[in-house]
Amino acid sequence: MKLATWNVNSLNVRLPQVLAWLDEQQPDVLALQETKLEDHRFPVAELEARGYAAAYTGQKTYNGVALLSRQPLRDVQVDVPGLEDEQRRVVAATVGSVRVVCLYVPNGQTVDSPKYQYKLEWLGAVRDWLAGELGRHSRLAVMGDFNVAPEDRDVHSPSRWAGQVLVSAPERAAFSALLDVGLQDAFRLFPQPERVFSWWNYGRLAFARNWGLRIDHILVSPTLAAACQSCTVDPGPRAHERPSDHAPVLATFSE
DNA sequence: ATGGCTTTGTTCCAAAGA
């Protein structure tokens, strides 16, 4: 089984790249963030033609998430109990025996912004929900754009980023709290090269110089962690013409 | 590198992203 996540920064713009990547990588499930599409505009037919079913919840201009799957998506959920949120940031579904959650965590903008408080509250509510989900689903994967670089080794220049949004201590604590309910960062289950990132600023220099952050993650329950065989970032699409600013993250499992 | 791009929409600028 292969699971993947990718912030596409507009599925309307990136659909050709997504279809090509599905053909190339053949993931069983691909979680998408920042689709920026209202539901009636979601490209259901194009994905069906590639053999993928979709569960999605979107809005104009901002946010929007989706799960694409070769197998049927069951028990789709798009709202988190106890979390009042008009922004479309969560979609969950069951594929085979795996419960898959796709998250687009708020960016936060700056540490002194109201959006930063919203980000921390949002992460707290999602943590409480996921704690319950772990009790209901032994095979749970939580994938998405977390907008948190968990450690300094996930940052190209820790000194330059110190205290900033995406790396600040409260955000890292909120990310750790997600792990504390019983999830593991699949990427860190394995030895990894240094300086692996999943996002690079637009602008010609950032990707070429690997000035990036690792903010897209696949978190897994203990049962899935035991079956996990690899977790990698595929920087290929980031080098394409008119790329998303994020690269896909993939994890493979023995069952 | 603190946006030096990119996307979207009450579009010819501004807001937001990360």
Side-chain angles (χ1 to χ4, degrees), chain A residues 5-18 31-43 56-66 85-90 102-120 122-123 126 143-175 178 187 195-218 233 235 237-249:
Chain A
T5 180
W6 191 5
N7 180 324
V8 291
N9 185 18
S10 169
L11 185 56
N12 187 45
V13 173
R14 231 67 65 192
L15 181 61
Q17 294 186 36
V18 170
L32 300 176
Q33 302 86 39
E34 286 206 87
T35 56
K36 302 186 180 180
L37 286 179
E38 290 178 297
D39 290 348
H40 70 270
R41 294 185 56 208
F42 199 86
Y56 46 88
T57 181
Q59 64 190 90
K60 231 186 266 187
T61 314
Y62 304 119
N63 309 311
V65 286
D85 194 0
E86 291 180 359
Q87 301 185 22
R88 303 291 79 202
R89 297 181 176 277
V90 178
C102 171
L103 299 181
Y104 176 45
V105 176
N107 169 278
Q109 199 163 54
T110 58
V111 294
D112 55 2
S113 166
K115 293 177 182 176
Y116 182 81
Q117 290 307 316
Y118 160 65
K119 177 179 192 173
L120 295 178
W122 194 96
L123 281 166
V126 165
M143 313 195 270
D145 177 358
F146 287 74
N147 271 318
V148 179
E151 302 176 65
D152 277 354
R153 58 179 168 165
D154 301 311
V155 180
H156 72 93
S157 175
S159 60
R160 197 168 285 281
W161 279 89
Q164 303 283 328
V165 73
L166 311 185
V167 308
S168 73
E171 291 166 88
R172 286 180 167 174
F175 182 83
L178 295 178
F187 186 79
R195 296 175 64 78
V196 174
F197 308 122
S198 66
W199 169 84
W200 302 260
N201 202 319
Y202 280 124
R204 295 289 175 248
L205 297 178
F207 181 65
R209 295 182 178 175
N210 199 26
W211 286 338
L213 305 177
R214 193 176 70 92
I215 56 176
D216 300 272
H217 307 298
I218 297 177
V233 177
R238 185 61 181 78
H240 289 163
E241 287 289 314
R242 207 177 181 188
S244 167
D245 44 355
H246 294 251
V249 180

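Throughout, a chain's letter reflects where its sequence line sits, starting with A, and its residues are numbered from 1. As the structure is a computational prediction, the values presented were derived from the model and not from experiment.
To the nearest whole angstrom, the two C1' atoms, one in B:dT2 and one in B:dA18, are 11 Å apart. B:dT10 and B:dA16: their P atoms are spaced 14 Å apart (whole Å). Atom name P, nucleotides B:dG9 and B:dG4: the rounded distance is 22 Å, in whole Å. Between B:dT6 and B:dT11, the distance separating the two C1' atoms is 15 Å to the nearest Å. Using atom C1' as the reference point in both B:dA15 and B:dG3, the two lie 14 Å apart (nearest Å).
Under the ring-ring contact (aromatic ring centres under 6.0 Å, His included) criterion, A:F207 pairs with A:W200, not counting sequence neighbours. Residues meeting the salt bridge (charged side-chain N to carboxylate O under 4.0 Å, His left out) test with A:E38, sequence neighbours left out: none. Residues that satisfy the ring-ring contact (aromatic ring centres under 6.0 Å, His included) test with A:Y56, not counting sequence neighbours, are A:F42. Residues forming a ring-ring contact (aromatic ring centres under 6.0 Å, His included) with A:F187 (at least two apart in sequence, or on another chain): none.
Summarising the geometry, the separation between CZ on A:F207 and C1' on B:dG3 is reported as 18 Å, rounded to the nearest angstrom. Note: CG (A:N12) to C1' (B:dT7) measures 10 Å, nearest angstrom. As a whole-Å value, the separation of A:Q17 CD from B:dT6 P is 12 Å. Rounded to an integer number of Å, the gap from CG of A:L11 to P of B:dT8 is 10 Å. Atom CH2 of A:W211 and atom P of B:dC5 are 12 Å apart (whole Å). Rounded to an integer number of Å, the gap from A:L37 CG to B:dG9 C1' is 14 Å.
Remark: A:R14 is not in phosphate contact with B:dT6, judged by side-chain N or O atoms under 4.0 Å from OP1 or OP2. Checking the phosphate oxygens (OP1, OP2) of B:dT2, a side-chain nitrogen or oxygen of A:R160 falls inside 4.0 Å. Look at A:R242 and you won't find any side-chain N or O under 4.0 angstrom from OP1 or OP2 of B:dC5.
Applying the salt bridge (Lys or Arg N to Asp or Glu O under 4.0 Å) test to every pair with at least one member in residues 157-171 of chain A, sequence neighbours left out, gives these pairs: A:K119-A:E171.
For A:S198 (side chain) and A:D216 (main-chain N/O), a donor-acceptor pair under 3.5 Å exists by modelled atom type.
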ask   = When you check every protein heavy atom under 4.0 Å of nucleotides 10-18 of chain B, what one-letter string (B, S, -) results, 5' to 3'?
value = S-----SBB
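Taking 4.0 Å as the cut-off between side-chain N and carboxylate O, A:R172 and A:D152 count as a salt-bridged pair.
The residue among A:H156 and A:T61 whose nearest nucleotide of DNA chain B lies closer to the 5′ end is A:H156.
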